[in-house]
Visitor: 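My structure is below; once you've seen it, I'll send some questions.
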Amino acid sequence: MPYLILDLEMTGGETVYHDVIQIGAVLANDDWKTLSEFQSLVYPAHEENFTSAAEEVQGISMADLEAAPMPYELLENFETWIRKQLKRQASVSLTDIVVCGQSVINDINFLDQMYADQNLEWPFSYRLVDLMSLSVVFYQIFDANKMPRPKSYSLKAVSAFFGLQREDVTHNALEDAKLTYQCFKKYFELIPKLKLQP
């Protein structure tokens, strides 16, 4: 059961109005060991909706996107990368892959919309592991055991708790995917050390 840890950068928050402009992903095996990493810019389908505010947050300009693949090409490249790492032919399903991320349902919605816009079928299942949901559970365990914990559910707070941090001030899809992946690993490494009273 491979894990696909995903992070997307978008031009805004509405799936039918805004576009994905960068995708970053880490593919891991059942033991949370990295198999490979993927990053690509994406040329927006609605370039008129690309705002200066989005550029400021993402650190990505329209000039940066000039040579970026179009959405159809990006999705083809993305699936080719996954299949190559898992050694799967095009006829083999990808529905066993669990999509993971921080507030990952938002990223799934945008990626799903991109597939729909290109008249392509969603290739994964809708099984997911959300870092924020995992944090909600772990924070209750930390509180019950009077252990320190982060003060918020943000990726910045959770990663800082584990001694991890971003290298850049601006958002970067691959860096955030890698950071999210490392937080997942840290949580799963904690599980054998925690004792739960029945």
Side-chain angles (χ1 to χ4, degrees), residues 1-10 20-42 58 69 74-112 114-115 120-139 141-142 149-150 153-168 171-194:
M1 185 174 63
Y3 295 100
L4 180 67
I5 302 90
L6 192 67
D7 188 79
L8 307 179
E9 302 297 341
M10 287 80 76
V20 176
I21 54 172
Q22 188 181 49
I23 180 169
V26 176
L27 189 62
N29 65 13
D30 320 43
D31 298 321
W32 289 94
K33 292 182 180 174
T34 303
L35 299 175
S36 185
E37 298 171 355
F38 178 92
Q39 178 171 271
S40 179
L41 295 172
V42 192
Q58 320 302 358
L74 176 280
L75 294 175
E76 188 177 68
N77 294 344
F78 187 53
E79 283 193 41
T80 297
W81 164 71
I82 292 171
R83 291 185 179 283
K84 181 179 179 183
Q85 305 314 312
L86 299 179
K87 298 178 174 58
R88 293 187 186 180
Q89 300 296 323
S91 58
V92 180
S93 172
L94 299 177
T95 55
D96 62 322
I97 294 173
V98 179
V99 182
C100 311
Q102 170 74 340
S103 301
V104 70
I105 192 64
N106 186 53
D107 290 329
I108 287 174
N109 286 340
F110 266 94
L111 191 60
D112 192 21
M114 189 188 294
Y115 270 94
L120 296 171
E121 286 189 23
W122 177 253
F124 313 107
S125 74
Y126 287 95
R127 288 181 294 171
L128 61 90
V129 179
D130 180 37
L131 183 64
M132 183 176 285
S133 299
L134 199 59
S135 295
V136 169
V137 174
F138 267 94
Y139 287 14
I141 295 170
F142 293 158
R149 66 163 174 87
Y153 297 104
S154 70
L155 179 58
K156 182 178 179 181
V158 176
S159 56
F161 176 74
F162 289 124
L164 309 165
Q165 63 181 2
R166 286 189 182 100
E167 293 177 8
D168 298 321
H171 289 202
N172 174 281
L174 179 57
E175 187 172 13
D176 281 359
K178 288 163 67 175
L179 206 54
T180 304
Y181 160 72
Q182 289 170 334
C183 289
F184 274 120
K185 279 193 71 174
K186 292 289 186 182
Y187 272 137
F188 279 89
E189 286 167 2
L190 272 177
I191 290 172
K193 302 174 185 177
L194 296 172

Visitor: Hey, can you tell me if Phe124 and Phe78 have their rings parallel, tilted or perpendicular (30° and 60° cut-offs)?
Guide: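 The rings of Phe124 and Phe78 stand perpendicular, inter-plane angle above 60°.
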Visitor: With rounding to the nearest 0.5 angstrom, report the NZ to CG distance, Lys178 to Leu164.
Guide: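 Between Lys178 NZ and Leu164 CG, I get 12.0 Å after rounding to 0.5 Å.
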Visitor: Closer than 3.5 angstrom, by distance alone: can the side chain of Asp7 be matched with the main-chain N or O of Leu174 as a donor-acceptor pair?
Guide: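 Between the backbone of Leu174 and the side chain of Asp7 there is no qualifying donor-acceptor contact (under 3.5 Å).
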Visitor: Say whether, by atom type as modelled, one donor and one acceptor occur between the side chain of Gln165 and the main chain of Ser159 under 3.5 angstrom.
Guide: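 No, because the side chain of Gln165 does not come within donor-acceptor range (under 3.5 Å) of the backbone of Ser159.
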Visitor: Quick one, Tyr187 with Val137, criterion side chain to side chain contact (heavy atoms under 4.5 Å, CB included). Give me CA distance, side-chain angles, the key distance, then yes/no.
Guide: CA-CA 11 Å; Tyr187 272 137; Val137 174; over 6 Å; no
Visitor: How close do Ser125 and Ile97 get, counting heavy atoms only, and between which atoms?
Guide: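 Nearest pair, atom of Ser125 first, then Ile97: OG-O, 3.7 Å.
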Visitor: Once rounded to the nearest 0.5 Å, what's the spacing between atom CD1 of Ile108 and atom OH of Tyr115?
Guide: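 The OH atom of Tyr115 is 12.0 Å from CD1 of Ile108, to the nearest 0.5 Å.
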Visitor: How far apart are the closest heavy atoms of Ala25 and Leu6, and which atoms are they?
Guide: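 Between these two residues, the closest heavy atoms are CB-CD1, 4.1 Å.
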Visitor: Parallel, tilted or perpendicular: which describes the rings of Trp32 and Tyr3, with under 30° parallel and over 60° perpendicular?
Guide: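 Correct class here is parallel.
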Visitor: Test your reading of the model: is there a side-chain donor-acceptor pair from Asp30 to the backbone of Met1, 3.5 Å cut-off?
Guide: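 Indeed, once roles are kept as given, a pair shorter than 3.5 Å links the two residues.
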Visitor: Hey, what do you get for CG (Leu94) to CG (Asp96), rounding to the nearest 0.5 Å?
Guide: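 The distance works out to 7.5 Å.
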Visitor: Apply side chain to side chain contact (heavy atoms under 4.5 Å, CB included) to Ser40 and list each qualifying residue two or more places apart in sequence or on a separate chain.
Guide: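 Side chain to side chain contact (heavy atoms under 4.5 Å, CB included) list for Ser40, sorted by chain: Ile23, Phe38, Pro69, Leu74.
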Visitor: What distance do Gln182 atom CD and Leu155 atom CG have between them, rounded to the nearest 0.5 Å?
Guide: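 Nearest 0.5 Å value for the CD-CG distance: 10.0 Å.
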Visitor: I would like to know whether Leu111 and Val20 meet side chain to side chain contact (heavy atoms under 4.5 Å, CB included); could you show each step before the answer?
Guide: CA-CA 8 Å; Leu111 191 60; Val20 176; 5.8 Å; no
Visitor: State, with a plain yes or no, whether a side-chain heavy atom of Cys100 is found less than 4.5 Å away from one of Tyr181.
Guide: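 Not in contact.
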Visitor: Compare all side-chain heavy atoms of Ser103 with those of Tyr153 and state whether any distance is below 4.5 angstrom.
Guide: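 The answer is no, as the side chains (C-beta and beyond) never meet within the 4.5 Å cut-off.
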Visitor: Which atoms form the tightest heavy-atom contact between Trp81 and Glu37, and what is the distance?
Guide: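 For Trp81 versus Glu37, the nearest heavy atoms are NE1-O, 3.4 Å.
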Visitor: Phe184 versus Val26: any side-chain heavy-atom pair under 4.5 Å?
Guide: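 SC-SC contact between Phe184 and Val26 ruled out.
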Visitor: If you measure from CG on Asn77 to CD1 on Ile82, what distance do you get to the nearest 0.5 Å?
Guide: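 Those atoms lie 11.5 Å apart.
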Visitor: How many angstroms lie between atom CD1 of Ile5 and atom CG of Leu131, to the nearest 0.5 angstrom?
Guide: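 It comes to 10.5 Å.
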Visitor: Check whether any side-chain heavy atom of Asn172 sits under 4.5 Å from a side-chain heavy atom of Gln39, and report yes or no.
Guide: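 In short, these two side chains touch, coming nearer than 4.5 Å.
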Visitor: Looking only at heavy atoms, what is the nearest atom pair of Met132 and Gln102, with distance?
Guide: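 So the two residues come closest at N-OE1, 3.2 Å.
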Visitor: For Arg83, give me all partners under side chain to side chain donor-acceptor pair (under 3.5 Å), at least two apart in sequence or on another chain.
Guide: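 Arg83 satisfies side chain to side chain donor-acceptor pair (under 3.5 Å) with no residue once adjacent residues are dropped.
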Visitor: Which pair of non-hydrogen atoms, one from Cys183 and one from Val158, has the smallest distance, and what is that distance?
Guide: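 Minimum heavy-atom separation between Cys183 and Val158: SG-CG1, 3.8 Å.
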Visitor: Please report the C-alpha distance between Asp176 and Glu9 in whole Å, then the side-chain angles of each, then the deciding distance to 0.1 Å, and finally whether the side chain to side chain contact (heavy atoms under 4.5 Å, CB included) criterion is met.
Guide: CA-CA 10 Å; Asp176 281 359; Glu9 302 297 341; 4.0 Å; yes
Visitor: For Val104 versus Asp130, what's the shortest heavy-atom pair and its separation?
Guide: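 What the structure gives for the nearest pair is N-OD1, 3.2 Å.
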Visitor: Do side-chain atoms of Gln22 reach the backbone of Ala173 as a donor and acceptor pair under 3.5 angstrom?
Guide: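 A pair under 3.5 Å: yes.
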Visitor: Is the shortest heavy-atom distance from the side chain of Arg149 to the side chain of Ile141 under 4.5 Å?
Guide: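 Of all side-chain heavy-atom pairs linking Ile141 with Arg149, none is under 4.5 Å.
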Visitor: Mark yes or no for whether Asp31, through its side chain, and Lys33, through its backbone, hold a donor-acceptor pair below 3.5 Å.
Guide: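 Pair absent, no side-chain N/O of Asp31 close to backbone of Lys33.
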Visitor: Are Leu8 and Val42 close enough that some pair of their side-chain heavy atoms sits under 4.5 Å apart?
Guide: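 No, side chains not in contact.
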Visitor: Could you check whether any side-chain heavy atom of Asp107 comes within less than 4.5 Å of a side-chain heavy atom of Val99, counting everything from C-beta outward?
Guide: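 A side-chain contact under 4.5 Å is absent here.
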Visitor: Quick one: does Phe138's side chain get under 4.5 Å of Phe161's, heavy atoms only?
Guide: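 Not touching, per the 4.5 Å side-chain cut-off.
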